[in-house]
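Note that these values count all heavy atoms, side chains included, but never hydrogens, waters or copies made by symmetry.
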Amino acid sequence: MRSPVRLSSWAIVMGLSLAPALASAEDAPRQYPACDRTPTQGDVSAAKGAFDAGNGSFNEADYDRAITYWEDAYRRDCTAHPLLLNLARAYELNGLKQHAVVALQTFLARVPNSSEESQIKRRIEKLQEQIQSEAQTAPPPAATTATTTTEPPPVSTTTAAAEQPPPPSSGHRPITPLIVGGAGVVLTVVSGIIWIGANSDIKDFEVKCPGRQCSAENDSARASGNAAITRRDVSGALALVGIAAILGGGIWYGVSKPTQSASTTPHGFTATVTPAFAPGYGGMAVAGAF
């Protein structure tokens with residue numbers, strides 16, 4: 001009567017030891033269907049609602065629910081391709097790295113001129129390396145027969161090596177400082193030309209009227225000399241303004257930070273991709289909105 005009890009106990013222990021492996025197994029990812037239709041306004045509105053709900057779940061670290069909402073949003077509006085980047089991050093945080101690869105590859109196929117193409121390709125390579133490494137280090141399947149009732153050893157865990165942060169995506173500095181500096185250059189050059197001409201006229205005036213004291217018959221020379229003095233003073237002041245604009249524009253341009261590029265799609269959906277790092281995760285952060 002003791003043998004059935006021993007076998008039952010062994011079966012329970014083996015079932016418990018296999019549960020984590022079964023839970024961590026990733027189903028084969030599905031390919032996204034072709035986007036061959038234009039979403040209606042109702043589709044876009046429904047996609048927006050699902051997207052917002054997914055954002056709430058993602059912020060609560062409920063990645064299963066976030067994936068469900070975002071998959072529904074992309075199904076309704078398949079032209080909102082940046083949603084694939086949201087899905088890729090949620091998949092990865094949820095341990096579904098093969099799904100993340102498919103989402104990123106689909107995004108590159110549907111947005112071939114994306115400014116984040118090189119960064120996304122590096123992310124795909126990292127994920128594929130991790131998938132291959134995990135497949136090589138996975139423990140062998142548990143034996144189906146046993147002759148003893150000893151408990152199986154605890155399942156070992158491995159800590160993934162911290163990834164190096166990807167290089168920041170390229171951006172563009174604002175053009176306004178360059179416009180200010182260019183205007184300063186033009187103002188300085190024009191003012192310098194006027195100043196040189198006015199200074200030459202003043203020298204002629206001083207030759208005709210020594211000590212700038214003109215006789216009655218040289219009233220025209222006095223008027224011309226006074227006008228030249230005014231031009232010289234005004235052009236000199238404008239040249240100083242131009243030099244200040246050149247220096248200010250250069251400093252402004254030097255301290256300004258490049259702005260990140262934003263991916264946009266029809267129907268008003270936008271997403272900005274930036275590097276993001278958290279314990280156990282290194283990848284891209286996607287901030288999107290309809």
Side-chain angles (χ1 to χ4, degrees), residues 16-35 54 57-59 61-75 78 80-112 114-144 152-169 263 271 273-288:
L16 292 175
S17 65
L18 287 174
L22 294 174
S24 61
E26 179 179 353
D27 295 334
R30 301 187 304 273
Q31 298 297 323
Y32 292 88
C35 184
S57 298
F58 185 87
N59 293 334
D62 188 351
Y63 303 125
D64 282 329
R65 192 176 297 274
I67 290 170
T68 299
Y69 281 126
W70 284 343
E71 284 181 340
D72 181 62
Y74 191 61
R75 179 182 61 81
C78 63
H81 303 309
L83 270 170
L84 293 169
L85 303 179
N86 292 58
L87 281 166
R89 187 182 178 201
Y91 284 139
E92 184 175 358
L93 291 174
N94 208 31
L96 304 175
K97 295 179 180 178
Q98 294 180 13
H99 287 67
V101 169
V102 171
L104 294 174
Q105 290 174 336
T106 303
F107 176 83
L108 291 179
R110 298 185 179 184
V111 189
S114 171
S115 60
E116 288 82 26
E117 180 178 359
S118 60
Q119 182 182 357
I120 293 174
K121 286 182 177 180
R122 287 194 299 271
R123 191 67 203 149
I124 291 174
E125 292 175 359
K126 287 289 186 181
L127 287 170
Q128 290 175 335
E129 290 174 1
Q130 293 173 14
I131 293 171
Q132 184 177 4
S133 175
E134 291 171 359
Q136 293 174 349
T137 58
T144 56
V155 179
S156 61
T157 59
T158 59
T159 304
E163 299 177 12
Q164 294 297 328
S169 59
S263 302
V273 183
T274 56
F277 304 96
Y281 170 76
M284 295 169 294
V286 184

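Counting heavy-atom neighbours within 6.0 Å of R65 CZ, excluding the residue itself, gives a total of 12 or less.
One distance of note links NE2 of H81 with OG1 of T106; it measures 10.5 Å at 0.5 Å rounding. The structure places CG of N94 at 13.0 Å from CZ of R89, a figure rounded to the nearest 0.5 Å. Atoms NZ and CD, from K97 and Q132 in turn, are 13.0 Å apart once rounded to the nearest 0.5 Å. Rounded to the nearest 0.5 angstrom, Q98 CD and Q128 CD are separated by 10.0 Å. Here the straight-line distance linking atom CG of L104 with atom CG of L87 works out to 10.0 Å at 0.5 Å rounding. Once rounded to the nearest 0.5 Å, the distance linking CG of L108 with CD1 of I124 reads 5.0 Å.
No donor-acceptor distance shorter than 3.5 angstrom exists from the side chain of S133 to the backbone of E129, with no hydrogens or angles considered.
When all heavy atoms of A34 and R110 are compared, the closest pair comes out as CA-NH2, 3.8 Å. When all heavy atoms are compared, the tightest approach of L83 to Y74 is CD1-N, 3.8 Å. For the pair A66 and G54, the tightest heavy-atom approach, listed with the atom from each and the gap, is CB-O, 3.6 Å. Closest heavy-atom contact between A90 and Y63: O-CB, 4.1 Å.
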- Item | Working for side-chain contact (heavy atoms from CB on, under 4.5 Å), residues E117 and I120 | CA-CA 5 Å; E117 180 178 359; I120 293 174; 5.9 Å; no

- Task: Kindly indicate, with the supporting measurements, whether the criterion side-chain contact (heavy atoms from CB on, under 4.5 Å) is fulfilled by L93 and F58.
- Result: CA-CA 10 Å; L93 291 174; F58 185 87; 3.7 Å; yes

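The aromatic rings of Y91 and H99 sit tilted, their planes meeting at an angle between 30° and 60°.
Salt-bridge annotation for E125 and K121: absent, with no side-chain N of the basic residue lying under 4.0 Å from a carboxylate O of the acidic one.
Within the 4.5 Å cutoff, no side-chain heavy atoms of L84 are placed close to those of V111.
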